> 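This structure is in structure tokens; I'll ask about it shortly.
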There are 2 protein chains.
Amino acid sequence: MDPEKNHEINIKQSEDRFRENLLPSLSVNTVLFSYHQERLNVLLLKFGDTGYFMLPGGFIRRDEDVDEAALRNLKELTALENIYLEQFYVAGNAERSTDPVVVEFLKKQGYEKISSWLSQRNVSICYLALVNEKKVKPELNVQFISRYLWADVTNLPPLLFDHTTIIEKALSRLQSDMDQKLLSNNLLNEPFTMSDLQKLYEAVFQKKFTRSNFQRKMLKRDILARVGKKYEGRAHKAPYLYRFKKVKAS
Amino acid sequence: MDPEKNHEINIKQSEDRFRENLLPSLSVNTVLFSYHQERLNVLLLKFGDTGYFMLPGGFIRRDEDVDEAALRNLKELTALENIYLEQFYVAGNAERSTDPVVVEFLKKQGYEKISSWLSQRNVSICYLALVNEKKVKPELNVQFISRYLWADVTNLPPLLFDHTTIIEKALSRLQSDMDQKLLSNNLLNEPFTMSDLQKLYEAVFQKKFTRSNFQRKMLKRDILARVGKKYEGRAHKAPYLYRFKKVKAS
DNA sequence: ACAAAAGTGTTAGTTCTACACCCATGA
DNA sequence: TCATGGGTGTAGAACTAACACTTTTGT
């Protein structure tokens, strides 16, 4: 990259920030969970060539709800809409806004101003969302972001700021959510088998469930509809295929 | 009150706000629960002579954690320390910062500037705390606050902004907390009887529990220590007195 | 000895857990 | 007809909820 050009871009972004009337000191971060090849993943963005990653995030406009800002941010980033979003945590530590890796990286490249700007005190309101990895095309037109990664939650790369903590909190919230109110919508391709659903739960809870009891528990919830059987040409009983029943808006 | 003097105070407060380096657009609000005479109460502050009340709240310094700000705020307001505090909600609607009652009141009194200042976009991070009403001496040296009130949660007066919603969310969080992790520390004077504890639960959950089963459930949790019996001079078996067992910091 | 409230017991119903058993399928 | 994975059944444990019984207390 051309440093001068980048600098200009940054100045422009900084100006945009005020022109667009964004709330200062505040941002949203979203932990985007996906489920792929029997693993629970989160979307991360790579920061320059540092080897460190960060969560996607954005700012809040002065005239929009914080929830709206999270939805808009998600849409801008992934083009997805009507996604389940939940506010689960506020990252508000005074020290969280500065990360030596970021400071060092920007200093090396001659971006002192950007560095101090990026290190301003920032409180982040954190959301979690469940998405289908295949339907997501992350937007990478963001300064210093070199690529994206769907990272296995059990094996996260080094993360900037307090993003590791945020992901841990997101996971424990996801677990209690799946246990009680919400479903695995958006994480599984319909139709799916009971075995598929169980593997998803095992990835989320990071433990095994007893097959027969898991099945009974799920069926008793009255959220699954059988829509046929799956003949894979394998030498065993064909499993039922399921969809999630339409849930009335609550 | 002398309007001119109040105006000066406000200007001063406004300046203080910047001098003290407070985060803009952000505040904390605390829902202070107490339990008194078999009722669950919340601390409210009366706004002028409007007949409307509001939750106590404050701002966040640039160099302090959001959690610290909530603790400091609580201490400044009630002189209480080492209180269980939990962040349970972010009030982030764009429209929430303006309340016609507040605007009207200030306009009538000739405080247009204050009105617009108070109506600036504000996102509030909401905490709940459990306190002993008798140990709390609310600080009333705050502009426009005429008095305070411990209001029964089942019978709230009219509240400003979205504070009614915030209290509802706080209550449902308190319920799930008492159900699972935390105890009734700070809400009951030790020692207490099982009947006292049950009445507290009934005030919080707003429903009756079966006496014998409630007792068994509580005893099974292994959180209560018997410390004697209570002889009240009444013609029945003296109930055991309990304290909460010391819990190891987690 | 009585009433009142506290403490404990009992019973039936439900839910959980592990595991056994049968069923459908393609080789 | 066999191995494999899927679906259902079942016995025992654990937990609930309602209510009965016993104990303690001051009158």
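None of these values were measured; they are calculated from a predicted model. Within every chain, numbering begins at 1; the chains are lettered A, B, ... in the order of the sequence lines, protein sequences first and strands thereafter.
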> Give the first and the last nucleotide of DNA chain D, reading 5' to 3', that has any atom under 4.0 Å from a heavy atom of chain B.
dT16(D) to dG26(D)

> Just by distance, with hydrogens left out, do Asp196(A) and Thr193(A) show a side-chain donor and acceptor under 3.5 Å apart?
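Short answer, yes.
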
> Separation of Met194(B) atom CE from dG7(C) atom C1', in whole Å?
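To the nearest whole Å, that distance equals 10 Å.
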
> So, is Gln215(B) near the phosphate of dT8(C), with a side-chain N or O under 4.0 Å from OP1 or OP2?
yes

> List the residues meeting side chain to side chain contact (heavy atoms under 4.5 Å, CB included) with Val227(A), not counting sequence neighbours, and say none if there are none.
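Partners of Val227(A) under the side chain to side chain contact (heavy atoms under 4.5 Å, CB included) test: Pro191(A), Leu241(A), Arg243(A).
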
> Would you say the side-chain atoms of Thr165(A) and Asp162(A) include a donor-acceptor pair closer than 3.5 Å?
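No, Asp162(A) and Thr165(A) have no side-chain donor paired with an acceptor closer than 3.5 Å.
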
> Would you mind building the protein contact string for nucleotides 19-27 of chain C? One character per nucleotide, 5' to 3', B for base within reach (heavy atoms under 4.0 Å), S for sugar-phosphate only, - for untouched.
B---BBBB-

> Just by distance, with hydrogens left out, do Asn132(A) and Asn189(A) show a side-chain donor and acceptor under 3.5 Å apart?
yes

> With sequence neighbours excluded, tell me which residues meet ring pair (Phe, Tyr, Trp, His ring centres under 6.0 Å) with Phe214(B).
Tyr201(B), Phe209(B)

> Between Lys220(B) (NZ) and dT8(C) (C1'), how many Å, whole number?
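Distance check: Lys220(B) NZ to dT8(C) C1' gives 15 Å.
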
> How long is the line joining CZ of Phe192(B) and P of dA6(C), in whole Å?
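So the two atoms are 15 Å apart, to the nearest Å.
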
> Please report the distance, rounded to the nearest Å, between CZ in Phe214(A) and P in dC16(C).
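Roughly 14 Å, once rounded to whole Å.
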
> Keeping to residues at least two apart or across chains, list the salt bridge (Lys or Arg N to Asp or Glu O under 4.0 Å) pairs with something in residues 208-217 of chain A.
Glu202(A)-Lys208(A)

> Please classify the nucleic acid contact of Lys230(B) as base, sugar-phosphate, or nothing, using heavy-atom distances under 4.0 Å.
nothing

> Would you mind classifying the nucleic acid contact of Thr193(B) as base, sugar-phosphate or nothing, using non-hydrogen atoms under 4.0 angstrom?
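Since no nucleic acid heavy atom lies under 4.0 Å of Thr193(B), the category is nothing.
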
> Rounded to whole angstrom units, what separation is found between the CE atom of Met218(B) and the P atom of dG7(C)?
14 Å

> Is Arg72(A) paired with Glu76(A) through a side-chain N to carboxylate O contact shorter than 4.0 Å?
yes

> For residues 40-56 of chain B, which side-chain donor-acceptor pairs fall under 3.5 Å, sequence neighbours excluded?
residue	atom	partner	partner atom	Å
Asn41(B)	OD1	Asp152(B)	N	3.4
Asn41(B)	ND2	Glu133(B)	OE1	3.2
Thr50(B)	OG1	Phe47(B)	O	2.6
Thr50(B)	OG1	Tyr52(B)	N	3.1

